[in-house]
Amino acid sequence: MGEKGAIYSTEEELIEKAKKLKGKKFKDIDKTGRIANQKAKGRLGQIIEESHFGYEINSRAEADFKELNVELKVTPYKLNKNGTVSAKERLVLNIIDYMTEVDKGFYTSSFWLKNNKLLLVFYRYEEGLDVGDYRVTDTLIFEVPEEDLPTVRQDWEFIVEKIKQGKAHELSEGDTFYLGACPKGKDSSSVRPQPYSDIPAMQRAYAFKQSYMTHILRTRVLGQSTEKLIKDERTSIQRYVDKKLSPIIGRTLNELCEEYGQVDSAKNVVQLLMSKVFGIKGTDLSKIEEFEKANIKIKTIRVENDNKIRESMSFPTFKFKEIVETPWEESDLKNILGEQKYLFLVFKKDENDELVFKGYRFWNMPYQDLLEVKKVYERTVDILKEGVRIEEQVTKKGIIRKNNLPSMKDNPVCHVRPHGANAADVYELPDGRLMTKQCFWLNNGYVLNQIKNLID
DNA sequence: GCATGATCATGC
DNA sequence: GCATGATCATGC
């Protein structure tokens, strides 16, 4: 087989060879028995590298196809119940060496040098299927498109800036838009040193977010199109949103509706108005390409004129029997809060009860606060395991049930409260009793703190 | 007045 | 019918 690294002399040759993977199952690709004998996560990539492309396995910092500067990545997707497809996971790239990455520039960074050209091999994941029966369906040479480059670059700079501030241990995937710093290691005890702090930081790798991978899959492989927010300009999401929203700070909702020709005063008036401010055709801001790619949720926050927020912010209901079996690190809540990015649009009632646009901010939960949520989650699991206490009180309105799950007073960040169609909307408890569906809520006071600097 | 339980509205 | 975001109701 000759010198490794000399097998494919041109990209075209490599692409042709890659195409032969299409339609094949891993058990038919594998010539060395890895599929049966190896449990490690990276084995599917190794099978393709070794059995299909004829390379010895290595973990060098250089690209897999060194002479072409192409890195091989094997990645799963899934079919959703509603007929769409999604990436099954984020695409994990190289581990971040905090000690050396801070001295690099974007184009000399380990991220760029190793990953600026990828050979993506997509396979379809199906629950219950043997790994050997997973099938490769598509291959693609991928380079970050020019339109995404300003945002990816800003993401990289954000990560490096955090390391420079001695906060590598506070990195979170939700900090950034397309390129994230995701946990990489056996568990949270896998740590490594950082240059500007003595606190060991969780080992992390660069990763294209799952939402970004879903976008690549849908547009580049399936040829679907979505509505772009940023059309011609070479700018990042953050800067584009700044440009559109900062000029309207201080204006009243009524003024803005008049100016933008938003006559409908429906409940979702803010969403409709903002669609016009951003100049998109549709009315669903979260469907905008850039927001989908970055997994951004838009939330309107309404502040009363006494500077309070009336309502807390809810999350999806949880199933009691499921969360008692799920450790925090694997929980849906941790995944949402660790990866989700929000765009808060803040309106406040003035002295005449008129809503004024006070400002906006991209937000994701800071690391310290995530630790508080962890406490509440684990306390909830403990109470459910011990057997939650439910007391029934008969009142004029009917029966009211009280419980001892973590409440707003117990934690500054979040609490547990009912969330169903009504009190009869129940799930089964671990002990067999039925209880009104519950979910975690962010305390209204906590949410207020996150946007306090926008409201005077 | 606030914390907590209950329910509505909407979209798929 | 259900998930999810939003909001109401009331006893302490």
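We name chains A, B, ... by the order of the sequence lines, and we start the count at 1 in each one. Both backbone and side-chain heavy atoms feed into the values below; hydrogens, waters and symmetry mates do not.
- Applying the side chain to side chain donor-acceptor pair (under 3.5 Å) test to A/Arg192 and every residue at least two apart in sequence or in another chain returns A/Gln203.
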Output a table of nitrogen or oxygen pairs between the protein and nucleotides 8-12 of chain C separated by less than 3.5 Å.
residue: C/dC8; atom: N4; partner: A/Glu311; partner atom: OE1; Å: 3.2

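- Residues satisfying the side chain to side chain contact (heavy atoms under 4.5 Å, CB included) criterion with A/Arg239, sequence neighbours excluded, are A/Gln154, A/Thr235, A/Ser236.
- Residues forming a ring pair (Phe, Tyr, Trp, His ring centres under 6.0 Å) with A/Tyr178 (at least two apart in sequence, or on another chain): A/Tyr212.
- A/Lys88 pairs by the side chain to side chain donor-acceptor pair (under 3.5 Å) definition with nothing, not counting sequence neighbours.
- Contacts between residues 418-428 of chain A and DNA chain B, defined by a heavy-atom separation below 4.0 Å, involve A/Pro418, A/His419, A/Gly420, A/Ala421, A/Asn422, A/Ala423, listed by number.
- One atom, CG of A/Leu333, and another, C1' of C/dT4, lie 15 Å apart when rounded to the nearest Å.
- In terms of the salt bridge (Lys or Arg N to Asp or Glu O under 4.0 Å) criterion, A/Lys374 has no residue partners (sequence neighbours excluded).
- Under a 4.0 Å N-O distance rule, the pair A/Arg379/A/Asp410 does not qualify as a salt bridge.
- Applying the side-chain hydrogen bond (donor to acceptor under 3.5 Å, both in side chains) test to residues at least two apart or on different chains, the pairs with a partner in residues 160-170 of chain A are A/Glu161-A/Gln165, A/Lys162-A/Asp175, A/His169-A/Gln194, A/Glu170-A/Gln368.
- Using a 30° and 60° split on the angle between ring planes, A/Tyr427 and A/Phe320 fall in the perpendicular class, above 60°.
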Note to self: Run A/Glu304 and A/Arg310 through salt bridge (Lys or Arg N to Asp or Glu O under 4.0 Å) and show every step you take.
What the structure shows: CA-CA 7 Å; A/Glu304 303 299 316; A/Arg310 204 170 302 264; 3.0 Å; yes
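- Atom CZ in A/Arg302 sits roughly 6 Å away from atom P in C/dT7 (whole-Å rounding).
- Ring geometry for A/Phe344 versus A/Trp363: interplanar angle under 30°, hence parallel rather than tilted (30 to 60°).
- An OP1 or OP2 oxygen of B/dG5 is reached within less than 4.0 angstrom by a side-chain nitrogen or oxygen of A/Asn403.
- Residues meeting the side chain to side chain contact (heavy atoms under 4.5 Å, CB included) test with A/Arg417, sequence neighbours left out: A/Ser312, A/Met408, A/His415, A/Trp441.
- Using a 4.0 Å heavy-atom criterion, one finds that A/Ile399 contacts the sugar-phosphate atoms exclusively.
- Counting non-hydrogen atoms of neighbouring residues, nucleotides and ligands closer than 6.0 angstrom, the CZ atom of A/Arg361 exceeds 12 such neighbours.
- Not a single side chain to side chain donor-acceptor pair (under 3.5 Å) links A/Glu391 to another residue, sequence neighbours left out.
- For residues 429-443 of chain A, proximity to DNA chain C is found at A/Lys437, A/Trp441, defined as any non-hydrogen atom under 4.0 angstrom from a strand atom.
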Close N or O pairs between protein and nucleotides 1-3 of chain B (under 3.5 Å):
residue: B/dC2; atom: OP1; partner: A/Lys308; partner atom: NZ; Å: 2.6

